[in-house]
Every structure is written in structure tokens, then in C-alpha cells.
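Here the structure is laid out as C-alpha cells; the discussion comes afterwards.
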Amino acid sequence: MTNNDFLLPKSFYLRDDVVQIAKELLGKTLVTRQNGAARKGKIVETEAYRGYDDKACHASNGKRTPRTEVMYREGGCAYVYLCYGIHHLFNVVTNVAGKADAVLIRAVEPLDGDWSDRHPKTKTSNGPGKLSKAMGITMEMNTARLTGENDIWIEDAPDIVGTSIVASTRVGVDYAGEDALLPWRFYICNNDWVSKK
DNA sequence: GGTAGGATTACCT
DNA sequence: GGTAATCCTACCC
């Protein structure tokens with residue numbers, strides 16, 4: 001399978017600080033493979049979700065269901081969630097087994113591969129829904145490991161020096177009360193692919 | 001077994 | 001700027 005020197009090691013995902021991981025994922029490369037062709041995108045927008053005490057997280061307060069089960073897995077898994085019946089949202093599970101932390105990947109900037117048939121001409125917005133469509137992410141990817149055994153993985157990209165990273169509140173989590181105010185959304189400043197500025 | 005709701009987007013007025 | 005589309009998950013009988 002993937003034998004790639006840039007592949008992020010499992011230890012990257014196993015750390016305890018999901019907010020830090022969300023920040024570090026910015027600028028790294030998300031890769032999916034379909035029909036043998038790799039499609040690469042630079043991660044430009046992420047959000048951190050913490051299982052332990054974050055009401056915005058599906059697995060908040062120790063809630064454990066068949067859907068959220070994957071979030072309790074060892075870091076390095078994909079958690080794909082269908083929102084509003086239409087949009088697939090892609091998360092990266094982090095932390096050790098038993099801790100339901102995850103990083104939501106909200107936007108990527110297209111790199112290699114042919115994206116012409118994946119992005120409609122409308123440039124009004126970019127968000128997790130379009131990201132999943134563009135990368136071909138579906139429920140099939142749910143629970144897939146990102147460490148090289150499957151058709152989706154993340155590569156290191158250390159050369160984002162000088163890039164401005166902005167922290168802000170997360171999107172669409174108003175229901176989470178005071179936790180909605182946490183500055184756990186990170187994006188790359190002045191990037192056209194960020195969903196919201 | 002049935003129903004309410006959601007980490008959104010596109011299209012209409 | 002408002003709202004329809006759309007379907008899986010969770011929770012309550």
C-alpha cells in the first residue's frame with residue numbers, strides 16, 4: 001500500500017492536545033485515491049472537538065453510541081458523518097483509545113489531480129460538504145485508518161512557514177451554549193478556499 | 001418501529 | 001436573505 005516518507009505517523013494523532021493537533025494539521029496534505037488516481041488537497045481549515053467536556057462534540061460527556069464509537073478509537077482513524085442528509089463531514093480521530101477527540105476538516109485547497117469535475121463553478125462558498133464531494137469522501141471511508149492501509153491518508157507538509165493562522169469560534173454549534181464560544185476553529189488567513197472569513 | 005433533528009448548501013425571490 | 005432539499009442517527013414509545 002502506501003509507502004510514503006511523508007505519511008504522518010500514528011504518534012501524531014495519539015497526542016492528548018486535540019486543539020494543538022487541529023492547528024498543526026493546517027497546511028498538511030489530505031490524499032484520497034479513487035480508481036488508482038490520487039487526489040491531493042492542502043488542509044486550510046480545521047475545528048477541534050473534544051469528547052470529554054465539549055458539548056459541541058457528538059460524543060460529549062462520555063456519550064457513547066454506535067455512531068460515535070469510532071471517536072473512542074485510537075487516533076488516526078477517519079470519522080465520516082452525514083449531516084443534513086446531504087453532506088459528508090470528514091473528521092480525524094485523535095488521542096488514545098477511550099478518548100473521544102476529533103478534528104473536523106472543513107476545507108482544503110486543491111493540489112494535484114483533476115478537480116474540474118468535482119467543484120461546481122459557483123464559488124460562493126466552500127465548506128465541508130464540498131470538500132467531501134471533491135475528495136470523494138463517503139460513508140465508505142468511515143472508520144478507515146489514515147496511516148497508509150487505505151485509500152485515504154494525510155501527508156506531512158512542513159513548509160508553511162510564514163503562513164498566518166487565525167483562530168475563531170466554530171461554525172454551526174450555537175446549540176452548545178458556552179462551549180460555542182471556544183476559539184477552536186483554525187484556518188489559514190487570506191485563503192480563498194476557507195469557507196467563511 | 002416510528003419520528004425528530006442536525007458540525008450545510010443551493011436556489012429562489 | 002430566506003428556505004427547501006434529504007437521509008442517517010438517536011431516542012422514545
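We name chains A, B, ... by the order of the sequence lines, and we start the count at 1 in each one. A quick note: this is a predicted structure, and the numbers were derived from the prediction, not measured.
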Next item on the list: Quick one: label A:Ser132 by what it contacts on the DNA or RNA (base, sugar-phosphate, nothing), any heavy atom closer than 4.0 Å.
Entry: nothing
Next item on the list: For B:dA7, take OP1 and OP2 only and decide whether either is under 4.0 Å from a side-chain N or O of A:Arg185.
Entry: no
Next item on the list: Could you say whether A:Tyr84 or A:Met139 is positioned toward the 5' end of DNA chain C, judged by the nucleotide with the nearest heavy atom to each?
Entry: A:Tyr84
Next item on the list: Tell me, please, which residues at least two apart from A:Tyr13 pass side chain to side chain donor-acceptor pair (under 3.5 Å).
Entry: none
Next item on the list: For A:Asp54, enumerate each residue passing the side chain to side chain donor-acceptor pair (under 3.5 Å) test, keeping only those at least two apart in sequence or located in another chain.
Entry: A:Arg170
Notebook entry, point to check: Which residue lies toward the 5' end of DNA chain C, A:Arg67 or A:Cys83, if each is placed at its nearest nucleotide?
Noted result: A:Cys83
Next item on the list: Under the salt bridge (charged side-chain N to carboxylate O under 4.0 Å, His left out) rule, collect the residues that match up with A:Lys63, sequence neighbours excluded.
Entry: none
Notebook entry, point to check: Expressed in angstrom and rounded to an integer, what is the separation of A:Leu89 atom CG from B:dG5 atom P?
Noted result: 20 Å
Note to self: What is the distance, to the nearest angstrom, from the NE2 atom on A:His88 to the P atom on B:dT9?
What the structure shows: 13 Å
Next item on the list: Send over the distance from A:Asp54 CG to B:dA7 P, rounded to a whole Å.
Entry: 12 Å
Margin query: Would A:Arg64 and A:Tyr72 count as a cation-pi pair here, with the cationic atom under 6.0 angstrom from the ring centre and within 45° of the axis?
Written below: yes
Could you list the donor-acceptor pairs under 3.5 angstrom formed by side chains in residues 94-104 of chain A, with sequence neighbours left out?
from	atom 1	to	atom 2	distance (Å)
A:Asn95	ND2	A:Asp16	OD1	3.0
A:Asn95	ND2	A:Asp101	OD2	3.1
A:Asp101	OD1	A:Gly51	N	3.0

Next item on the list: Kindly check if the number of other-residue, nucleotide or ligand heavy atoms within 6.0 Å of NZ (A:Lys10) is above 12?
Entry: no
Next item on the list: Report yes if a donor N or O on one partner sits less than 3.5 Å from an acceptor N or O on the other, where the partners are the side chain of A:His87 and the base of B:dA7; otherwise report no.
Entry: no
Check: Partners of A:His58 by side chain to side chain donor-acceptor pair (under 3.5 Å), sequence neighbours excluded?
Finding: A:Tyr79
Margin query: Looking at B:dT9, I'd like to know if its phosphate oxygens (OP1 or OP2) sit under 4.0 Å from a side-chain N or O belonging to A:Lys133.
Written below: no
Next item on the list: Please check if A:Leu182 and A:Ile21 belong to a single hydrophobic cluster, counting links between Ile, Leu, Val, Met, Phe, Trp and Tyr side chain heavy atoms closer than 4.5 Å.
Entry: yes
Next item on the list: For A:Tyr52, enumerate each residue passing the side-chain contact (heavy atoms from CB on, under 4.5 Å) test, keeping only those at least two apart in sequence or located in another chain.
Entry: none
Next item on the list: Apply side chain to side chain donor-acceptor pair (under 3.5 Å) to A:Asp156 and list each qualifying residue two or more places apart in sequence or on a separate chain.
Entry: A:Lys28
Check: Among side-chain atoms of A:Tyr81 and A:Arg67, is any donor-acceptor pair under 3.5 angstrom?
Finding: yes
Check: Partners of A:Glu140 by salt bridge (charged side-chain N to carboxylate O under 4.0 Å, His left out), sequence neighbours excluded?
Finding: none
Item checked: Any residue of residues 92-101 of chain A with a heavy atom less than 4.0 Å from an atom of DNA chain C -> none
Item checked: Contact list for DNA chain C against residues 69-82 of chain A - heavy-atom distance below 4.0 Å -> A:Leu82
Checklist line | Residue pair A:Thr32, A:Arg39: steps toward the side-chain hydrogen bond (donor to acceptor under 3.5 Å, both in side chains) verdict | finding: CA-CA 5 Å; A:Thr32 60; A:Arg39 197 181 298 268; 4.8 Å; no
Notebook entry, point to check: Using a heavy-atom cut-off of 4.0 Å to chain A, what are the terminal contacting nucleotides of DNA chain C, in 5' to 3' order?
Noted result: C:dA5 to C:dC11
Item checked: Secondary-structure notation, DNA chain C, from Watson-Crick and G-U pairs under 3.5 angstrom (| other strand) -> |||||.||||||.
Note to self: Expressed as a whole number of angstroms, how long is the span from A:Leu104:CG to B:dG6:P?
What the structure shows: 17 Å
Next item on the list: Mind checking the NZ-CD1 spacing from A:Lys42 to A:Ile188? Nearest 0.5 Å is all I need.
Entry: 5.0 Å
